[in-house]
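These numbers come from the heavy atoms of this one structure, side chains and all, not from hydrogens, waters or symmetry mates. Below, chains carry the letters A, B, ... as their sequence lines are ordered, and counting in each starts from 1.
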Protein chains: 6
Amino acid sequence: MTALTHFNQSGEAHMVDVGEKAITQRTAVTEGYIEMQPSTLKLIVDGGHKKGDVLAIARIAGIMASKKTADLIPLCHPLPLTHVEIKLSAEIDSNRIRCQTTVKTNGQTGVEMEALNATQIALLTIYDMCKAVDRGMVIQSVRLLEKDGGKSGHWLRNQN
Amino acid sequence: MTALTHFNQSGEAHMVDVGEKAITQRTAVTEGYIEMQPSTLKLIVDGGHKKGDVLAIARIAGIMASKKTADLIPLCHPLPLTHVEIKLSAEIDSNRIRCQTTVKTNGQTGVEMEALNATQIALLTIYDMCKAVDRGMVIQSVRLLEKDGGKSGHWLRNQN
Amino acid sequence: MTALTHFNQSGEAHMVDVGEKAITQRTAVTEGYIEMQPSTLKLIVDGGHKKGDVLAIARIAGIMASKKTADLIPLCHPLPLTHVEIKLSAEIDSNRIRCQTTVKTNGQTGVEMEALNATQIALLTIYDMCKAVDRGMVIQSVRLLEKDGGKSGHWLRNQN
Amino acid sequence: MTALTHFNQSGEAHMVDVGEKAITQRTAVTEGYIEMQPSTLKLIVDGGHKKGDVLAIARIAGIMASKKTADLIPLCHPLPLTHVEIKLSAEIDSNRIRCQTTVKTNGQTGVEMEALNATQIALLTIYDMCKAVDRGMVIQSVRLLEKDGGKSGHWLRNQN
Amino acid sequence: MTALTHFNQSGEAHMVDVGEKAITQRTAVTEGYIEMQPSTLKLIVDGGHKKGDVLAIARIAGIMASKKTADLIPLCHPLPLTHVEIKLSAEIDSNRIRCQTTVKTNGQTGVEMEALNATQIALLTIYDMCKAVDRGMVIQSVRLLEKDGGKSGHWLRNQN
Amino acid sequence: MTALTHFNQSGEAHMVDVGEKAITQRTAVTEGYIEMQPSTLKLIVDGGHKKGDVLAIARIAGIMASKKTADLIPLCHPLPLTHVEIKLSAEIDSNRIRCQTTVKTNGQTGVEMEALNATQIALLTIYDMCKAVDRGMVIQSVRLLEKDGGKSGHWLRNQN
């Protein structure tokens, strides 16, 4: 037997039965970063007034990706989402952009995966749009900051 | 005007015209890590003999994700892939798992995005399968190691 | 600040929070047209007795498209649908086919987008199947006729 | 008029209106087989201790496919699933592998289609992975064993 | 028999065999409009300097949709695209926004469907983002302007 | 080491490298059956003159599914298809419908999986449309009849 719930008693992967869990409001907040050359960051920030700037496109890509999480993560339950918000902010001194994602639903399982996936794809979209000038960009510290709802209740990073 | 090729001369996003580029063999190698509690890593490693172990599922998720990259990244060209390989290895001393992905195609654009996306989704699948015991896991250092093919030719991290 | 609800107070796009909205029965009815050469319309109508006629295929394409609306429209909430019905009728005197779509769900947001998307894809499928004989066909007047449910209640075209 | 509910009174296909049906717990159990050469079965069974064995991958493919059923079956309602379990067992004497799938949801329609689709794709994934050594494999007897929930209640094969 | 190539000699739908057709450069240019209240158009135009403006999001939605055309249109061949460009311009005097899409590929079939689909989804995304203030918006005149490549060669609207 | 090419030398699943294989014309022909009550078969056959008959819809579902094969089968290479044809015929004496699918492409790998997947989904769509009157239907004998192209050349069932 295993302590990992995604395996049944025979040690085989399954989509965990959540049918008996209560429907509660679920929230997840995640963050992540993409580090780059100062000149790349400048290009992105300076483009902020244009019609199709990098951060606006990354935000849309992240929101759309959140809706495909169950298509990508094998044992993830499909969930209708009620709210997705992505904040992208340039941290000039650290030569990086920070992505913070909030996802909510009313459901039987949490939305951590949806928020992490949205964060990753928003950052990867920034990579895509800037890779012609900076192939060395690195995605860092993609992680859960906070979650709420469900039997396990509230969880906040650094309080555990 | 902008130096970013994903915007046209009016500053609007477009899918870059690659129709005149030569079809060459393209390769990309990427890596990334997921850090976790020692006890979580032990659970994964000990499960390695089971019928549905965590790393095997993460590998499949990453390979499948590579095929959906153009669905997720807005300005990414759709490409048929000729090869995808994902290596997942436990680094016990660092309390983390390393993912290395190799993607190849014969095409007019590179496969860096496909390899980065596969790496991210493989790591995120590990998160999903272990989150019930370790919500604090962090995805780190997702980045391109090497690419080859196309007009820009060979690129190797740390030699630029 | 903007009057458009798809942007937050910072002017950034988000998927609007509908978590507090009541679950009510939602209905949307839409219409649209495709205009064509009289000879093209005749081909479609005469094929109506065949095993795989144009309108039957367009109807299926529209129904299937309604289920993918949230994949296509960036800020659209994913919704399970409870009913989709597409009526396609030849209007011989106007050299066009009319598409009327009804979509229903029980949910926190409306189904206007699902009905409009189904109408558009049904019409576009007709274009695809007939384009070899009539490239000049035009899709016209895709619009909402009626909606019901939710806080804004009943809406009927030409009564507003 | 037709006795098939997927057609309306005009004989046109539609997605049946289930909006008034009660939300109940739905379960479906299906089975199917893939027949092969004894040597192929031996390869699969002997590989069972490896990191990426055939049956583990087929199981994942089946689970993921269950989530895409409404994308594939034109008039199938989209449903969030609460549980998916796939058992794959080698039947050495019959030179075949048996797949049994259980799917559950709380919803307005049943999950027979999701369970049948998961079974088919799990078996087809076995075909894919072994076709280089055995092109002649045959998928057999994909069928519903049992369903529960909804107005029609409990159904068990061979008791009807 | 039918004159529509999407049906075979038995009158059954099929995906036409293009295997013997030459690979040539294919281009399609399409247009379409969305009509709205003057006040709605003003909201869109005034938002043009914001971080997530309506037209930038519609442009991205259209580009992404072009890549899903073969998923939506039943008998459409899947094609890798080499270029997609969407121009959205406000026509103040006509109270509408015009969308012009250009799609290119090197392939055995044309890209008219991809360009029409991108146009439709870009316009529908504008509808989605403004529907809370203007449910009555109408999508008009979605049509092919020009195509090139393949056996049928160059086609220009109004010269036929 | 394993004799199954979908595993590398470490026994881990990968998408096989086909980059060096020649591009040749590939064909696959598959078949499958769905058995049912005589009364169900009669309903389907009698509906054959209606606007949205069962077999026409199953045919479309099968063609559309062929385009999604690489999304469903984990290690399957994505391929553009050049031709898909599905024949559905009622075999009254055997109380079943036969599905025969032909798929073609010019590519580096074969199209057996696409043809088998199309056959399975066409049959499953028949199940869906008739399940309200006949839950006991069984899908039988889904298998490859013939393939051509590639290094392994021509293969015909019962000649091996």
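When all heavy atoms of D:Pro78 and C:Pro80 are compared, the closest pair comes out as O-CB, 3.7 Å.
C:Lys104 places no side-chain N or O within 3.5 Å of a backbone atom of D:Gly19 that could act as its donor or acceptor partner. In terms of modelled atom types and a separation under 3.5 Å, the side chain of C:Lys67 and the main chain of D:Cys76 share a donor-acceptor contact.
Interface residue D:Leu75: backbone and side-chain heavy atoms are both found under 4.5 Å from chain C. Of the atoms belonging to C:Ile60, it is side-chain heavy atoms, and not backbone ones, that fall under 4.5 Å from chain D. Heavy atoms closer than 4.5 Å to chain C are found in both the backbone and the side chain of D:Val18.
Here the straight-line distance linking atom CG of C:Leu81 with atom CG of D:Leu79 works out to 11.0 Å at 0.5 Å rounding. To the nearest 0.5 Å, the span separating CE on D:Met15 from CD on C:Glu85 amounts to 11.0 Å. The structure places OG1 of C:Thr82 at 11.0 Å from NZ of D:Lys21, a figure rounded to the nearest 0.5 Å.
With respect to chain C, the highest number of heavy-atom pairs below 4.5 Å among D:Gln108, D:Glu20, D:His77, D:His14 belongs to D:His14.
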